[in-house]
Amino acid sequence: MARYNPKDVEPRWRAAWARDDVFRARNDDPRPKYYVLEMFPYPSGRIHMGHVRNYAMGDVVARYRRAQGYAVLHPMGWDAFGMPAENAAMERGVHPKGWTYENIAAMREQLKLLGLSIDWSREFATCDPEYYGQQQAWFLKLLDRGLVYRKEATVNWDPVDMTVLANEQVIDGRGWRSGALVEKKKLTQWFLRITDYADDLIEGLGSLDRWPDKVRLMQENWIGRSRGLRFSFDFAGDAPNGFETGLEVYTTRPDTLFGASFVAIAPEHPLAAQMAAADPKVAAFVAECRRGGTSEAEIEAADKLGLDTGLRVVHPFVPGQTLPVWIANFILMDYGTGAVFGCPAHDQRDLDFARKYDLPVLPVVLPADADAATFMVGGDAYTGPGTIFRSGFMDGMSVEEAKAAAVDRIEGMGKGKGATVYRLRDWGVSRQRYWGCPIPVIHCPKCGVVPTPADQLPVILPDDVTFDRPGNPLLRHPTWRHTTCPRCSGEAERETDTLDTFVDSSWYFARFTNPESADPIDKAAADRWLPVDQYIGGVEHAVLHLLYARFVTRALKDEGMLSVSEPFAGLFTQGMVTHETYARQTGEWIEPTQVVLEAEGATRRATLAETGESLIIGDIEKMSKSKKNVVAPEEIFEQYGVDAARLFVMSDSPPERDVQWTTGGVEGAGRFVQRVWAEFDNDAAAATQTDARGDELRRMTHKTIKAVTESVEQFRFNSGIAKLYEFLNVLKGFQSSDGSVAEARSEALSVFARLIAPFTPHLAEACWSRIGGEGMIVDAAWPVFDPALAVDSEMVLPVQINGRRRSEIRVAQGAGEAEVREKALADETVSVHLEGLTVRKVIVVPGRIVNIVAG
RNA sequence: GGGGACGUGGCGAAACUGGUAGACGCAGCGGACUUAAAAUCCGCAGCCGCAAGGUGUGUGGGUUCGAGUCCCACCGUCCCCACCA
């Protein structure tokens, strides 16, 4: 018997799959389709364990569906534009293009080692002109439809990457890549009108029943729909210039209008700007507000600041009552109208502000158990339900009734309208970077913004650029941006901004259906394959990529290029690969490969291999270079084999949860691979008769088929793998030398090989070949579960007395309740425990349990 | 501040719609093989107890014949959003 040598066996099977081109998906394949996709990687140059886990999971699904007879599309590509390539260019003087394609080549080789069932013929990178040129084509169609526009806006400026960031890319006031504090800057930028689809994007979530609730909720919160009232206050006395129709505010609490004691506007509000121009005191205040940062800590610490403008507005419901207009630092210009009315009694921010500046606090919502005469608001605003009081026509109404009544009244007065407001902003897609898809428009001094004519696409990035200075290389290229206007043939300039790389990844799944198409999307191919049946990736894209992709899919559908609204019918968000960290007493991180671990009972010790120096065992964290807790996949493949690595990252934790990489764990997986092979290699078929022992094995076989199938269907790979371990342990007890089980055993081996094939495909091929399976296992059908063969003839029922397990009885399958009851009461151990007690009740749950209630 | 998820052995974790808690793996312990070690194989193992038995799924209550699972309160950890009117 030879030891199984993955280094020898695995490459052979990969070569065999490639030789037969087994994973190529054909658009004219008549079988039902199944599209499996994992979020495509950024070509950093090296794969890491996170990739191994992500792509192994997708491969399990793809191979399982293939075995079930689906026409499976499982493609791979590269999310290849972006900052790291430019950083490399600046740091090491390499060209982003060369750097990127070299990384792709290196990573492709590493990914291929994984033995994934990928159709490599469809591979592309988003930085291929054939891809981004098509992106430019649909971008111009959206421009034509008015879904793309240009405006001056205050944007998030990352001073390190020297580019604009979308709101989604600002985390706690810092750039998501650079970590630099983001600044506010006014720039003319390109936007995609995602807000046009805000409602539809929320509605659509309802149909995504195979998405995690968490992600749907995050998207819903991100879009942030709120219903309220938009209305205008008239000014008392002369209205400022441009505000003749009043000061417009937005509120979700029109029911509290009688409790209003001030109106506040944002420091960036046009009215504030106008007053600042005339009054240095106002100007100074506005400047002070602008200084505050936007990070969490700064907002937490920031005091409410306000300045009374001296202007007053008229209360819409109370004749003669006026309210002061303040400029306040806590009002956001880009939400609602940038102005609110303050009702301190029922809003905490308004209350804090009112207490600071000594403004009236007027309760108008009375909690159920409070007394109207004595109810007061102290330091906490009351935001709960209740009855409206001190509010004229709304008195006695509930909060909800009053909201509707106030909206009706304001609408009747012609002062405003019920309105829906979203937190979601339009998607700013301009990036002042080189390594991205050029925005295909031309700026003509006479004609304005002119789309690049279709026959001049793609607008290709020039290769001859320099990175010796920060900023956008396209802007300082000597010739690239100079062109002629397609309309008037006069001198004109190309747009030098490039598109946010999230645009690239918002439609690649559609391009995979026919990457060769002369149009952006081959509609027939897209109709054939979309939506993606199972999409797999990290939860960090819950609101970025996944929201953008849903939006672009809708926009392209409205353009007639796609038929689906939702690109991903099923979504799975997988957890990360983590590793324990080790550090010297000095705090210096130490790589796992240099650490020796020992255990004494429950105590674990780590020492430095070289010196024996005692190390600190730190937290378990996501593998990262900075903590030095990374394990290189290639070294693991070399040492234990690809299958062992794939098996381990899926076996130890539920797929949605983080998995902790341990040497012991992967060694265990490697041992299992060896034991599986030994079991197959040992097998020598003998006689073929089957008896009770054979039936017992057959029952186990069919129970395992059921369990593993369900595990794969429900993304519980860890449980499925555990069942396979168990199956192997049982199988060992049924050797072919025991002639009576030979037939059942050969069925068991055949089933085992096919069940494990999605997880450890190389090993499965070797086993299949060893038992003389027909063809390759990639083409073998998934085993079929036969319930009749899984039924035990006898079963063991636990017997409880007063809910405590005391004994167990053996009964025939399907035994009647009376028989079970009788047998339970007759049981010897049961009688002992029942001594001195009276049986009051016996509960028999068929096939489950017996509980005797006695006292 | 708002929203959400989760708390099970030394560790990662199982447990279908309420029905034998801890499957499977890691680490551990014992044994076989070996001159020895490694590897491999066989076995033990929640905790307390020699045993009988007791006890046990973050804490405290509740519903139920029966609760890891359902309900209430609390404690803790993690994630998302955040001066969003």
Side-chain angles (χ1 to χ4, degrees), chain A residues 3 172 212-215 217-222 224 226 228 249-253 256 264 266 292 294 296 299-300 302 304 328-332 334-343 346-350 352-353 383 421-424 539-540 542-543 580 597-604 620 647-648 651-654 656-669 671-672 674-675 678 707 710 714 716 718-729 732 796-808 840-845 847-854:
Chain A
R3 196 180 147 79
D172 286 342
D213 292 343
K214 177 194 165 107
V215 174
L217 192 67
M218 279 167 70
Q219 291 214 353
E220 194 178 334
N221 291 341
W222 186 265
S226 79
V249 300
Y250 173 74
T251 182
T252 55
R253 294 296 304 272
T256 64
T294 50
E296 186 182 349
I299 288 166
E300 203 75 32
K304 298 271 182 292
N329 66 341
F330 67 96
I331 308 300
L332 305 174
D334 53 1
Y335 184 77
T337 62
V340 302
F341 74 79
C343 175
H346 305 294
D347 182 284
Q348 192 59 45
R349 289 163 316 209
D350 296 346
D352 294 343
F353 190 75
T383 55
V421 163
Y422 303 89
R423 210 191 73 114
L424 183 71
V539 73
E540 65 274 18
V543 282
E580 203 163 47
L597 288 170
E598 289 162 304
E600 257 181 46
T603 346
R604 296 175 62 241
I620 295 154
L647 193 63
F648 175 58
S651 67
D652 226 34
S653 288
E656 70 278 9
R657 226 180 288 178
D658 292 350
V659 65
Q660 188 193 344
W661 184 274
T662 61
T663 306
V666 72
E667 279 171 355
R671 269 199 294 274
F672 178 70
Q674 292 296 339
R675 286 196 290 134
E710 285 173 1
Q714 296 164 27
R716 294 172 12 191
N718 55 326
S719 295
I721 291 167
K723 290 290 176 195
L724 287 166
Y725 273 70
E726 205 180 337
F727 190 23
L728 184 72
N729 290 342
K732 280 183 173 184
V796 175
L797 285 187
V799 181
Q800 294 182 333
I801 294 171
N802 293 331
R804 300 186 126 137
R805 185 179 171 282
R806 293 300 182 191
S807 184
E808 56 187 34
R840 298 194 202 285
K841 199 171 170 187
V842 179
I843 292 147
V844 177
V845 183
R848 283 265 180 236
I849 203 165
V850 181
N851 191 14
I852 300 167
V853 186

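If you're wondering where the values come from, they're calculated on a predicted model, not measured in any experiment. Every chain is numbered from 1, with letters handed out A, B, ... down the list of sequences.
Using a 4.5 Å heavy-atom threshold, the side chains of A/N221 and A/L217 count as touching.
By the rule that a glycosidic angle within 90° of 0 means syn, B/G9 counts as syn.
Going from the C1' atom of B/G62 to that of B/G18 covers 15 Å, rounded to whole Å. Rounded to whole Å, the P atom of B/G12 lies 15 Å from the corresponding atom of B/A27. Nucleotides B/U35 and B/U20 have their C1' atoms positioned 48 Å apart, rounded to a whole Å.
In terms of phosphate contacts, A/R848 brings no side-chain nitrogen or oxygen within less than 4.0 Å of OP1 or OP2 of B/A15. Put simply, A/R675 has no side-chain N or O that comes within less than 4.0 Å of OP1 or OP2 on B/C24. Regarding contacts with the backbone of B/C65, every side-chain N or O of A/N802 stays at 4.0 angstrom or more from both OP1 and OP2. Dashed line: the shortest gap from a side-chain N or O of A/Y335 to OP1 or OP2 of B/A85 is under 4.0 Å.
Across all strands shown, B/G7 forms a Watson-Crick or G-U wobble pair, both distances under 3.5 Å, with B/C75. Of the nucleotides present, B/C81 is the one that pairs with B/G1 by Watson-Crick or G-U wobble criteria, both distances under 3.5 Å. B/C44 is paired with B/G28 under the criterion used here, namely a Watson-Crick or G-U wobble arrangement in which both key atom distances are under 3.5 Å.
Heavy atoms of A/T252 sit under 4.0 angstrom from primed sugar atoms or phosphate atoms, though from no base atom. Among the protein residues, A/R840 comes within range of no part of the nucleic acid, since none of its heavy atoms lies under 4.0 Å from any strand. Base contact: A/I331 has a heavy atom under 4.0 Å from a base atom.
Between the side chain of A/R804 and the base of B/C65 there is no donor-acceptor pair of N/O atoms closer than 3.5 Å. Taking only distance into account, the side chain of A/K723 never meets the base of B/C24 through a donor-acceptor pair shorter than 3.5 Å.
Classified by interplanar angle (parallel below 30°, tilted 30° to 60°, perpendicular above 60°), the ring pair A/Y335/A/Y250 is perpendicular.
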